[in-house]
There are 2 protein chains.
Amino acid sequence: MTAGDVAERAGVSISTVSKALSGKGAVRYETKQRILAAADELGFQANHVATSLFTGRTNTIGVITSDQFGRLTVPVMLGAIEKLSEREIALVLCDGRGDPIREQHFIDSFLRRRVDGILVTGAGEFGRDSLRGDLPVPVVYAMSWSRDENDASVVPDDAEGSRMATRHLLSTGREKLVFISGPQRDDASRKRLAATREVLAERGLDLVHAPLFGEWSERWGRQAVKQVILSGVEFDGVVCASDQVARGATEALREAQIDVPRQVGVIGFDNWDVMVEASQPPLSTIDMSLHEVGAAAATALLEAIETGRLEPGIRRIDCEFIPRESTAVV
Amino acid sequence: MTAGDVAERAGVSISTVSKALSGKGAVRYETKQRILAAADELGFQANHVATSLFTGRTNTIGVITSDQFGRLTVPVMLGAIEKLSEREIALVLCDGRGDPIREQHFIDSFLRRRVDGILVTGAGEFGRDSLRGDLPVPVVYAMSWSRDENDASVVPDDAEGSRMATRHLLSTGREKLVFISGPQRDDASRKRLAATREVLAERGLDLVHAPLFGEWSERWGRQAVKQVILSGVEFDGVVCASDQVARGATEALREAQIDVPRQVGVIGFDNWDVMVEASQPPLSTIDMSLHEVGAAAATALLEAIETGRLEPGIRRIDCEFIPRESTAVV
DNA sequence: CTGAAAGCGCTAACAT
DNA sequence: ATGTTAGCGCTTTCAG
């Protein structure tokens, strides 16, 4: 099933078939119809491989992840997929697992396949190393950002998200806040703490307890709250750097007969459906708009592919505040 | 950067370069070294597109999902990716969303791209329609299975998993079991119920309460247990068709001052880390080995691509029982 | 408006 | 052991 078959059936030459189907050359209306009909009858689909060989573009972009497509990277990837499939661009995936050797291997494979561009993603606990300097195709980092300022990265505006969270808690009349997060070395932990403190400072306030760093788990959230309660410090709001932590915190409060949201407000981060909805009460939280992060990264990559220009630096996508009961005013 | 450049640099012809690099033709050791050196210096990577055009194989397989790569399909896809990347086979992804029009669109795109095979995946609540009869490449369904008996599908052995769960509960000395599941129309619900009853029947037992169908959520798990408690029926074990349901059930039991596992044992299904670990106590459960499902589907597809033969029918992959505290004997 | 011909980068017979 | 040649299926000048 090639263009030759269609040509034969329509009684024209191969090049006329090509022109008719691509719509690029000048073909008489009537012959065009004949060709289209023939192509249709034969179910002809132009061989994309051959086209790519000629044009040098594969309409394919390589996606490499460092975290096995987890909870954070999947939405990013879906956002990118959606954007790219509008333009008939396919994604080929591979899982670098954060191992530079594996990554290098896959990059080579991408280059052999002549992908038009590369998207790098990952959970983004830390800034990551640049892939390597001399790639012949544009590279965009999504969610996971490159420490190299000449690279282009798209990430959620974490800091502003945390500010929104804190401002919201303050706006419900609470002033005695506690901050619970995951590991201290994680980028997200540090940024979210700094942002929380910044908002408090603007109002002449500070956290009423030293920030609590642990792990990204419900268990830690529970434990941290118990610790705060034990410390005897008075508090009326808990800023959590993840929904898991927030859910754990909420549970521990309930167990200690402290009413959420009446006595203490709790806000999470992530808008992870299974956490925020199952929590009692459901959690107010910050949505990182990961879908948009992926879509924006894809758009930037597309533009770079088409124009050859890629604006370096880190682009931040707005987060969204999602109100639920855990911070309601009662 | 083509084979021609390498040839020129090594002072040989293009075909000799091809032979040297592919290792297929006979090339004198010394010239081969020269060619390898030249290729290395130039950083030459053979153009995969050109090779594909010639060989007719793209070393690419298309993956189409009906559920946006959710919690169940991601591990399946990762299992497949791992298997396939061993052989330098890439996956191109798209998201059909269960919409036949979209699916058709992507299938066409796959065919234009001359993928070597197609993998269909999805959460598998129901058996799905076959893609369409006359595809020129092999198709394997993973997790989501095709209702057409001529197709090849790979799924977890759900029924045996449920039997294991029930047998385990019985083995801990419990006999008065309750069954809580998601929507009744879901395939998984019905199969898991049937399997549970089958094991009970073997021992001359039956559920002590009518099976409870609702949704795949913690909330429903909580509600269902409350309902059972309210009914006044005596029970000492809860078979749940998902970890979310099991976690909700466990919570409701705790709230009702019923000790898990001392008074009632609870077993889940999925081995979803964030659920089983955060539950108090942690949940015993059944792992569906989704990674293996993906890997097995990939293997079957590879074989079909290589040999042209694809064994039709549904292949079931063993589940694994994961003991934790919620069913411990105390 | 249509067709012949060259070529994208590679492979594999077939010479030499 | 190496080189020459003819494609893989398409696009695109360039003639006619």
Side-chain angles (χ1 to χ4, degrees), chain A residues 1-39 42-60 88 108-116 136-137, chain B residues 1-39 42-60 88 108-116 136-137:
Chain A
M1 182 63 315
T2 75
D5 300 325
V6 179
E8 196 178 340
R9 185 168 187 119
V12 294
S13 77
I14 297 184
S15 58
T16 309
V17 168
S18 174
K19 283 168 200 154
L21 295 181
S22 71
K24 283 187 175 171
V27 182
R28 189 170 52 187
Y29 179 79
E30 189 196 88
T31 14
K32 183 166 181 178
Q33 294 309 313
R34 218 167 58 239
I35 291 170
L36 289 178
L42 269 56
F44 173 73
Q45 300 272 62
N47 185 329
H48 186 258
V49 178
T51 309
S52 292
L53 182 58
F54 182 84
T55 61
R57 271 200 54 176
T58 52
N59 284 315
T60 301
E88 297 276 327
D108 283 346
S109 155
F110 283 162
L111 296 183
R112 274 195 299 276
R113 283 172 187 273
R114 299 297 192 262
V115 299
D116 299 327
V137 293
Chain B
M1 181 65 315
T2 76
D5 300 325
V6 178
E8 194 178 340
R9 184 168 186 119
V12 295
S13 78
I14 297 185
S15 63
T16 309
V17 169
S18 173
K19 284 168 199 154
L21 295 180
S22 71
K24 284 189 176 170
V27 182
R28 190 169 52 187
Y29 179 80
E30 189 196 87
T31 19
K32 183 165 180 178
Q33 294 309 312
R34 218 168 58 242
I35 291 170
L36 289 178
L42 269 56
F44 173 74
Q45 299 272 60
N47 185 330
H48 186 259
V49 178
T51 310
S52 291
L53 181 58
F54 181 84
T55 62
R57 272 199 53 176
T58 52
N59 284 316
T60 302
E88 297 276 328
D108 283 346
S109 155
F110 284 163
L111 296 182
R112 274 194 301 274
R113 284 173 185 272
R114 299 299 191 262
V115 298
D116 299 326
V137 293

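Letters A, B, ... mirror the listed sequences (proteins, then strands); counts begin at 1. Hydrogens, waters and symmetry mates are skipped; everything else that's a heavy atom, side chains included, is used.
- Base engagement by S15(A) is indicated by at least one non-hydrogen atom pair under 4.0 Å involving a base atom.
- Heavy atoms of Y29(A) sit nowhere under 4.0 angstrom from any nucleic acid atom.
- Listed pair S13(B) / dG3(D) meets the phosphate criterion, a side-chain N or O lying under 4.0 Å from OP1 or OP2.
- OP1 or OP2 of dT2(C) has at least one side-chain nitrogen or oxygen of T31(A) nearer than 4.0 Å.
- Base contact: S18(A) has a heavy atom under 4.0 Å from a base atom.
- Nearest-nucleotide assignment on DNA chain D puts the 5′-proximal partner with I14(B), out of R114(B) and I14(B).
- Going from atom CD of E8(B) over to atom C1' of dG3(D) covers 16 Å, rounded to whole Å.
- Of the candidate nucleotides dT13(D), dC8(D), dT2(D), dT13(D) has the atom lying nearest to any side-chain atom of K19(A).
- Residue T2(B) places none of its side-chain N or O atoms closer than 4.0 Å to OP1 or OP2 of dG9(C).
- Considering only the side chain of L53(B), dG9(C) comes nearest among dG9(C), dG3(D), dC10(D).
- Residue A3(B) is in sugar-phosphate contact alone, with no base atom involved, counting any heavy-atom pair closer than 4.0 Å across all strands shown.
- Here V12(A) lies in heavy-atom contact (under 4.0 Å) with sugar-phosphate atoms only.
- Heavy-atom distances to DNA chain D give each of T55(B) and G11(B) a nearest nucleotide, and the one nearer the 5′ end belongs to G11(B).
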